[in-house]
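First the structure, in the form of C-alpha cells, and then the observations on it.
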Amino acid sequence: APKSWVVQSLQDLEMLMQRGELKDADFPLVLKHPYAASSRGMMSCATSQEVRSVVGQWLQEHQVPCLLQRQLRIARDMRVTYVGGEIIQGYWRVK
C-alpha cells in the first residue's frame with residue numbers, strides 16, 4: 001500500500017511537513033476524496049507548494065478531510081471482486 005496521510009486542514013498538512021512525516025521525496029502525491037469511488041475527485045500534486053494550494057482549495061470545496069497518497073508508478077494492477085467472504089472474479093488491468 002502506498003504511504004498515506006489523512007488531512008483535515010491546512011494546519012494538519014503544515015504539521016506533517018514540519019515534523020518530517022511528509023517530505024519532498026514523497027512527491028508526487030495523489031489527493032483523493034475519502035468517500036468517492038474510482039478516480040472521482042482525484043487530483044495530483046507534484047510539489048509541496050502545489051499540495052498546499054490544491055489541499056486548501058479542495059478542503060474549502062468539499063468540506064471533508066482528504067486522503068493524500070504517494071503516487072505509485074505501476075504498469076498493471078489486479079482488480080478483485082470480493083462478495084460475502086468469497087472472491088467471485090479477478091483480472092489484471094494493464095495500463
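Side chains included, hydrogens not; waters and symmetry mates left out as well; all remaining heavy atoms used.
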Self-check item: Val80-Trp92 co-clustered via ILVMFWY side chain contacts under 4.5 Å
Solution: yes
Quiz item: Which residue pairs satisfy the salt bridge (charged side-chain N to carboxylate O under 4.0 Å, His left out) criterion with at least one member in residues 49-58, sequence neighbours excluded?
Solution: Glu14-Arg52
Quiz item: Donor-acceptor pair, His33 side chain versus Tyr35 backbone, under 3.5 Å?
Solution: yes
Quiz prompt | Listed partners of Arg73 passing salt bridge (charged side-chain N to carboxylate O under 4.0 Å, His left out), at least two apart | solution = none
Quiz item: Mind checking who shares a hydrophobic cluster with Tyr91, ILVMFWY linked at side-chain heavy-atom distances under 4.5 Å?
Solution: none
Self-check item: Non-hydrogen side-chain atoms of Cys66 and Lys32 separated by less than 4.5 Å
Solution: no
Exercise. List the steps, then state whether side-chain contact (heavy atoms from CB on, under 4.5 Å) holds for Asp24 with Ser48.
Key: CA-CA 7 Å; Asp24 287 340; Ser48 58; 3.9 Å; yes
Self-check item: Any side-chain heavy-atom pair of Val55 and Leu10 under 4.5 Å
Solution: yes
Quiz prompt | Approximate separation, where rounding is to 0.5 Å, of Thr81 OG1 and Ile87 CD1 | solution = 9.5 Å
Quiz item: Is there a side-chain contact between Val6 and Pro34, using heavy atoms and a 4.5 Å cut-off?
Solution: no
Quiz prompt | salt bridge (charged side-chain N to carboxylate O under 4.0 Å, His left out) contacts in which one or both residues fall within residues 53-65, not counting sequence neighbours | solution = none
Self-check item: Other residues, nucleotides, ligands: >12 heavy atoms within 6.0 Å of Gln18 CD
Solution: yes
Exercise. Taking salt bridge (charged side-chain N to carboxylate O under 4.0 Å, His left out) as the test, write out the residues that go with Arg40, two or more places apart.
Key: none
Quiz item: Should Gln71 and Pro2 count as side-chain neighbours, where that means a heavy-atom distance under 4.5 Å?
Solution: no
Practice problem: Give me the other members of the hydrophobic cluster that Val83 sits in, counting Ile, Leu, Val, Met, Phe, Trp and Tyr linked by side-chain heavy atoms under 4.5 Å, directly or via other members. | Solution: Ile88
Quiz item: In chain order, what residues pass the salt bridge (charged side-chain N to carboxylate O under 4.0 Å, His left out) check against Asp26, with sequence neighbours excluded?
Solution: Lys3, Arg70
Self-check item: Distance in Å, Trp58 CH2 paired with Gln63 CD, rounded so as to fall on 0.5 Å steps
Solution: 10.0 Å
Quiz item: Are Leu67 and Leu22 joined in one hydrophobic group, where the rule is that I, L, V, M, F, W and Y side chains link up if heavy atoms are under 4.5 Å apart?
Solution: no
Exercise. List for me each residue that meets side-chain hydrogen bond (donor to acceptor under 3.5 Å, both in side chains) alongside Ser4, sequence neighbours excluded, and say none if there are none.
Key: Gln69
Quiz item: Got a sec, which residues hit salt bridge (charged side-chain N to carboxylate O under 4.0 Å, His left out) with Arg76, two or more places apart in sequence or on another chain?
Solution: none
Exercise. Tell me, with the steps shown, if Lys95 and Asp77 meet side-chain contact (heavy atoms from CB on, under 4.5 Å).
Key: CA-CA 8 Å; Lys95 296 180 180 183; Asp77 63 272; 3.5 Å; yes
Quiz prompt | ring pair (Phe, Tyr, Trp, His ring centres under 6.0 Å) partners of Trp5, counting only residues at least two apart | solution = none
Quiz item: In the hydrophobic clustering (ILVMFWY, side-chain contacts below 4.5 Å, transitive), which residues join Val94, or is it alone?
Solution: none
Practice problem: Establish, from distance only, whether the side-chain atoms of Thr47 and Gln49 form a donor-acceptor pair under 3.5 Å. | Solution: no
Quiz item: Hey, what do you get for CE (Met15) to CZ (Arg19), rounding to the nearest 0.5 Å?
Solution: 4.5 Å
Quiz item: So which heavy atom on Val51 is nearest to which on Leu13, and how close?
Solution: O-CD2, 4.0 Å
Self-check item: Co-members of Val30 in a cluster of I, L, V, M, F, W and Y side chains, linked at under 4.5 Å
Solution: Met42
